[in-house]
Amino acid sequence: MHFTPETTSEVSPTFSAYDGTRLTYHVIGHGRPVVCLPGGPTDSAYLGDLGGLAAHRRLIRLDLRGTGRSAVPEDAASYRCDRLVEDVEALREHLGLDRIDLLAHCAGANLAVLYASRHPERVRRLALITPSVRAVGIPIGDELRLKTARLRRGEPWFPAAFAALEAIVAGAATDGSWQAVVPFSYGRWDEAAQDHQAAADDRMNMKVVAAFGAEGAFTPGATRAALARFASPVLLLAGEVDPGAPPATVAEFAGLFPHAELIVQPGAGHHPWLDDAERFAATTAGFLG
C-alpha cells in the first residue's frame with residue numbers, strides 16, 4: 001500500500017491524476033482507510049476529522065483539482081463532475097486498495113454516486129452525508145425547503161433568514177439573501193459555526209463550482225439505473241433541520257439503492273459532524289464497520 005501509516009497528525013501526500021495534474025490528499029486517524037470527498041466543490045479542510053470519526057477510521061480527504069493544495073489543471077473542463085471520477089479512481093490505485101469505503105458530503109455525493117455507477121466493484125461501502133441530489137435528478141420543492149426552515153422559527157436570526165429564503169424561492173434573491181440564509185446550514189448558529197462558514201467562504205473558487213455542474217456533467221436516468229444495480233451497503237444521513245438536503249428528499253434518494261439505510265440526525269443541519277460530533281461519529285463508524 002502507498003498511503004501513509006496511521007497518524008494522529010495530519011499528513012498531506014500527493015499523487016498524479018490521469019492527466020498528470022498533481023492532487024493532494026490528507027491523512028489522519030486510525031483503522032481501515034475511508035476516502036472522503038468534500039462538497040462545494042472546495043478543498044477538504046472544512047471536513048476536519050469529521051467529528052472524531054478519525055478515532056475510528058483513517059480518513060483520506062481528497063482536495064479536488066484546483067482546490068486546496070491540489071494543482072490547477074491545464075484543462076478547466078476537467079473540473080466537470082463526471083470527469084472527476086477518474087481522479088477518485090487514480091487515488092484508489094495510488095493507495096493500492098482493491099476496494100474502498102467512500103464517504104461524501106453535499107456536492108461530493110454527486111461525484112461519489114458517479115464513481116459508484118462507473119466502478120461499482122471498487123466500492124465496499126458508501127456513506128452519503130446531507131447529499132446533493134443533482135446527479136440523480138431529484139427535485140426539491142420550494143415548499144419543502146420552507147417547511148424544513150420553519151423548524152427553526154424559535155431562533156433569534158430566523159425572521160431575517162426566512163425572509164431571505166422566501167426571496168430566493170421567489171426568484172428575487174440578492175447577494176445579501178444568500179448570505180442571510182447561511183444559519184439554516186447549521187444546527188446551532190454559534191461562534192464555531194460562524195467561524196466554520198467564514199473559512200468555507202474564503203476557500204470557495206467559483207470557477208471550479210461553475211465547471212463542476214456544467215452541461216453534460218449529469219445523466220440522471222443512466223445514474224439511477226446504475227444505482228439500482230449497486231450491490232454494496234449505502235448509508236444516507238440527513239440533518240433534521242437541513243433545507244439544503246431535506247430528510248424527505250434524502251429518503252427518496254435512499255430509495256434508488258437496493259441496500260440503503262436512511263438515518264436522520266436530530267437537530268442537525270447541513271454539517272452534522274459539527275452539530276453533534278459524538279452522534280455523527282458513532283453513526284458513521286457503526287455503518288462503515
Side-chain angles (χ1 to χ4, degrees), residues 1-7 9-29 32-50 53-54 57-119 122-124 126-129 131-132 135 199-200 202-214 216-218:
M1 291 187 180
H2 305 288
F3 53 79
T4 308
E6 296 184 5
T7 177
S9 300
E10 185 175 297
V11 295
S12 303
T14 66
F15 68 102
S16 181
Y18 65 92
D19 61 351
T21 303
R22 295 301 298 181
L23 303 180
T24 298
Y25 62 99
H26 307 271
V27 184
I28 188 170
R32 182 186 297 135
V34 53
V35 173
C36 304
L37 304 179
T42 185
D43 69 85
S44 66
Y46 80 95
L47 295 173
D49 70 350
L50 284 169
L53 184 60
R57 297 295 300 267
R58 193 178 334 178
L59 307 185
I60 311 291
R61 297 189 340 245
L62 176 63
D63 283 353
L64 303 178
R65 55 177 54 213
T67 74
R69 298 188 187 178
S70 287
V72 173
E74 291 185 7
D75 181 8
S78 67
Y79 290 132
R80 209 173 75 177
C81 185
D82 58 321
R83 294 171 180 167
L84 294 177
V85 168
E86 295 314 310
D87 287 348
V88 180
E89 178 63 358
L91 175 59
R92 181 198 65 77
E93 292 177 347
H94 167 77
L95 296 173
L97 299 172
D98 183 58
R99 302 178 79 201
I100 58 174
D101 289 334
L102 189 58
L103 179 150
H105 174 241
C106 189
N110 297 308
L111 176 54
V113 297
L114 293 186
Y115 181 85
S117 300
R118 197 177 301 175
H119 301 285
R122 297 303 188 185
V123 181
R124 191 185 79 97
L126 176 63
L128 304 177
I129 310 304
S132 167
D202 290 341
R203 291 192 298 266
M204 192 67 71
N205 182 332
M206 296 312 296
K207 180 179 179 180
V208 178
V209 173
F212 181 84
F218 306 120

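The structure displayed is predicted, hence computed values, not measured ones. All heavy atoms count here, side chains included; hydrogens, waters and symmetry mates do not. Numbering starts at 1 and runs along the sequence shown.
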Tell me if a side-chain donor or acceptor on [X] pairs with a main-chain N or O of [Y] at a distance below 3.5 Å.
{"X": "R118", "Y": "D82", "result": "yes"}
{"X": "R83", "Y": "A77", "result": "yes"}
{"X": "Y25", "Y": "F15", "result": "no"}
{"X": "R99", "Y": "V123", "result": "yes"}

Would T24 and D63 count as having a side-chain donor-acceptor pair, cut-off 3.5 Å?
->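 No - no donor-acceptor pair under 3.5 Å links their side chains.
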Closest heavy-atom contact between [X] and [Y]?
{"X": "V208", "Y": "P41", "result": "CG1-CG, 3.8 Å"}
{"X": "Y79", "Y": "A211", "result": "CB-CB, 3.6 Å"}
{"X": "L114", "Y": "A217", "result": "CD1-O, 3.8 Å"}
{"X": "P73", "Y": "G66", "result": "CD-N, 4.2 Å"}
{"X": "A45", "Y": "D43", "result": "N-OD1, 2.9 Å"}
{"X": "N110", "Y": "A135", "result": "OD1-N, 3.0 Å"}

Taking side chain as C-beta onward, heavy atoms only, is [X] less than 4.5 Å from [Y]?
{"X": "Y18", "Y": "E89", "value": "no"}
{"X": "C36", "Y": "L50", "value": "yes"}
{"X": "L103", "Y": "L53", "value": "yes"}
{"X": "F212", "Y": "L84", "value": "yes"}
{"X": "D87", "Y": "L111", "value": "no"}
{"X": "L59", "Y": "V34", "value": "yes"}
{"X": "H119", "Y": "V85", "value": "yes"}
{"X": "L37", "Y": "V35", "value": "yes"}

From [X] [atom1] over to [Y] [atom2], what is the distance, rounded to the nearest 0.5 angstrom?
{"X": "R122", "Y": "I100", "atom1": "CZ", "atom2": "CD1", "answer": "9.5 Å"}
{"X": "L62", "Y": "L102", "atom1": "CG", "atom2": "CG", "answer": "10.0 Å"}
{"X": "I60", "Y": "L97", "atom1": "CD1", "atom2": "CG", "answer": "8.0 Å"}

Hey, are R61 and E10 close enough for a salt bridge, meaning a charged N less than 4.0 Å from a carboxylate O?
->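 Salt bridge flag = yes for E10 with R61.
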What pairs of residues pass the salt bridge (Lys or Arg N to Asp or Glu O under 4.0 Å) test when at least one of them lies in residues 100-116, not counting sequence neighbours?
->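 Only R57-D101, D101-R124 qualify under salt bridge (Lys or Arg N to Asp or Glu O under 4.0 Å).
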For D98 and R92, what are the C-alpha separation, side-chain angles and deciding distance, and is it a salt bridge (charged side-chain N to carboxylate O under 4.0 Å, His left out)?
-> CA-CA 8 Å; D98 183 58; R92 181 198 65 77; 5.1 Å; no
With respect to T14, which candidate in H94, R69, R22 satisfies the side chain to side chain donor-acceptor pair (under 3.5 Å) definition?
->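 Passing option: R22.
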